[in-house]
Amino acid sequence: MDAVPTTKPAIEQIAERITDAVMEHRLPPGIKLVEEKLASAFGVSRTKIRQALTLLAKEGLVTLHANRGAFVTRPSAAEARDLFATRRLVEPEIVRNVIARACEHDLARLRQHLVAESEARQEGDRRRIIRLSGQFHMLLAEVSGNKFIEKLMAELCPLTCLIIALYDAPQTPACPEDEHKLIVDAIAAHDETEAIKLMLHHLEHIECELQLDTEPKRDIHWETLYG
């Protein structure tokens, strides 16, 4: 086992390390986060671990069960598929509204967001890529001008990001490269048919990349979580 670090990490640092381990699939969906083992790995008290897990529970990454402990959140495969089915119903309407309502400023905001996505890809920052991918779809919903759809997407997008983080292969990009750009290009060209086709293909592509039916591994190397 690796030596316990001499400098004890803060609660936020512990939460960050656990998040990284989940994103890198070193802690798989559904796994129990054993307080004793985490405390030993980080060289801190169980109280600090409990506080870090509470932070992660607020973000949806961890689920807390009374008398059972904390677990990495595991949306079911059926829930994930239902989510994507819902998005395939909603997002064509978003595309229609964006084409009808978007001004040059809106298109500039979308293209600026694409630049941020490209930078995150170049840096290999998977967490940022996933977050920006979700924000792209939220930005489309905002530009569409339908507050009810925007509210719905505010619920669907974070859950989608969580599902991608949990079930996507670590080496696979959260959203296939250039698919967002192609959607924006079709919107800018006022090509509704092509833009909707690209959006539906995009959502299907993301869903197909997810490893929803893979059983999580159980040989967790707790001692490596701090490093």
Side-chain angles (χ1 to χ4, degrees), residues 22-25 28-29 60-61 73-99 102 107 109-144 149-150 152-216:
V22 171
M23 299 282 281
E24 294 164 7
H25 295 204
L61 195 69
T73 298
R74 187 179 189 182
S76 69
E79 288 172 332
R81 292 184 176 109
D82 285 347
L83 180 145
F84 279 97
T86 301
R87 290 189 60 168
R88 282 192 289 271
L89 290 173
V90 172
E91 297 203 51
E93 182 63 17
I94 290 176
V95 168
R96 292 187 190 97
N97 287 350
V98 171
I99 289 175
L107 292 173
R109 290 175 65 198
L110 289 168
R111 295 199 185 281
Q112 185 177 9
H113 190 91
L114 295 178
V115 172
E117 288 186 15
S118 177
E119 291 173 350
R121 290 182 191 282
Q122 290 174 6
E123 295 169 7
D125 189 339
R126 186 167 181 269
R127 287 177 61 184
R128 187 166 171 237
I129 293 168
I130 292 175
R131 185 177 71 253
L132 287 170
S133 295
Q135 289 174 356
F136 172 79
H137 293 268
M138 280 300 305
L139 180 56
L140 282 176
E142 178 188 336
V143 172
S144 78
I149 288 181
E150 187 177 351
L152 177 60
M153 290 298 289
E155 180 179 350
L156 295 177
C157 283
L159 182 54
T160 306
C161 289
L162 175 61
I163 288 171
I164 290 172
L166 293 172
Y167 292 109
D168 212 7
Q171 69 275 14
T172 303
C175 276
E177 192 169 358
D178 288 339
E179 290 191 3
H180 285 175
K181 179 182 182 300
L182 292 173
I183 292 169
V184 172
D185 288 345
I187 288 172
H190 288 81
D191 190 338
E192 180 180 301
T193 300
E194 181 65 10
I196 290 174
K197 176 184 174 182
L198 288 167
M199 177 62 78
L200 292 174
H201 171 75
H202 174 60
L203 293 172
E204 183 177 357
H205 193 169
I206 297 171
E207 182 179 357
C208 288
E209 291 291 334
L210 301 179
Q211 301 173 337
L212 295 173
D213 299 311
T214 302
E215 282 299 312

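The shown structure was predicted, so the numbers you read here are calculated from the model rather than taken from an experiment.
In summary, of the residues considered (His137, Arg87, Glu91), a side chain to side chain donor-acceptor pair (under 3.5 Å) with His202 occurs for His137 alone.
Remark: Glu150 CD to Asn97 CG distance equals 12.0 Å, nearest 0.5 Å. Note that CD of Glu142 is 6.0 Å distant from CG of Leu139, once rounded to the nearest 0.5 Å. For the atom pair NE2 (His205) and CG (Leu210), the distance works out to 10.5 Å, reported to the nearest 0.5 Å. Taken from CG in Asp168 to CD1 in Ile130, the straight-line distance is 6.5 Å, to the nearest 0.5 Å. A distance of 10.0 Å separates CG in Leu156 from CZ in Phe84, rounded to the nearest 0.5 Å. We find the CD1-CD1 distance between Ile196 and Ile187 to be 9.5 Å, quoted to the nearest 0.5 Å.
The shortest heavy-atom contact between Leu198 and Leu182 is CD1-O, 3.4 Å. Annotation for Val143 and Ala102: closest pair CG1-CB, 3.9 Å, computed over non-hydrogen atoms. What you find for Cys157 and Gly134 is that their closest heavy atoms are SG-O, 3.8 Å. For the pair Leu166 and Pro29, the tightest heavy-atom approach, listed with the atom from each and the gap, is O-CG, 3.6 Å. The two residues Leu162 and Leu61 have their closest heavy-atom pair at CD1-CD1, 3.5 Å. Considering all non-hydrogen atoms of both residues, Ala188 and Arg111 come closest at CB-NH2, 3.5 Å.
A side-chain donor-acceptor contact under 3.5 Å links Thr73 to the backbone of Gly60. Counting only distance, with no hydrogens or angles, the side chain of Tyr167 and the backbone of Pro75 share a donor-acceptor pair below 3.5 Å.
At a threshold of 4.5 Å between non-hydrogen side-chain atoms, the residues Gln135 and Leu132 count as touching. Between Met153 and Ile94, the closest side-chain pair of non-hydrogen atoms falls below 4.5 Å. In this structure, Ser133 and His180 have side chains that are in contact, with non-hydrogen atoms separated by less than 4.5 Å.
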Audit row: Ser118, Leu114, side chain to side chain contact (heavy atoms under 4.5 Å, CB included) steps and yes/no: CA-CA 6 Å; Ser118 177; Leu114 295 178; over 6 Å; no

Between Met199 and Leu140, is the side chain to side chain contact (heavy atoms under 4.5 Å, CB included) condition met? List the steps. CA-CA 11 Å; Met199 177 62 78; Leu140 282 176; 3.6 Å; yes

Would you check, one step at a time, whether the test side chain to side chain contact (heavy atoms under 4.5 Å, CB included) holds for Leu203 with Glu207? CA-CA 6 Å; Leu203 293 172; Glu207 182 179 357; over 6 Å; no

Which is it for His201 and Glu179 under the side chain to side chain contact (heavy atoms under 4.5 Å, CB included) test, yes or no, and what are the steps along the way? CA-CA 9 Å; His201 171 75; Glu179 290 191 3; 3.8 Å; yes

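Counted within 6.0 Å of CD on Glu155, heavy atoms from surrounding residues, nucleotides or ligands total 12 or fewer; the atom is thus considered open.
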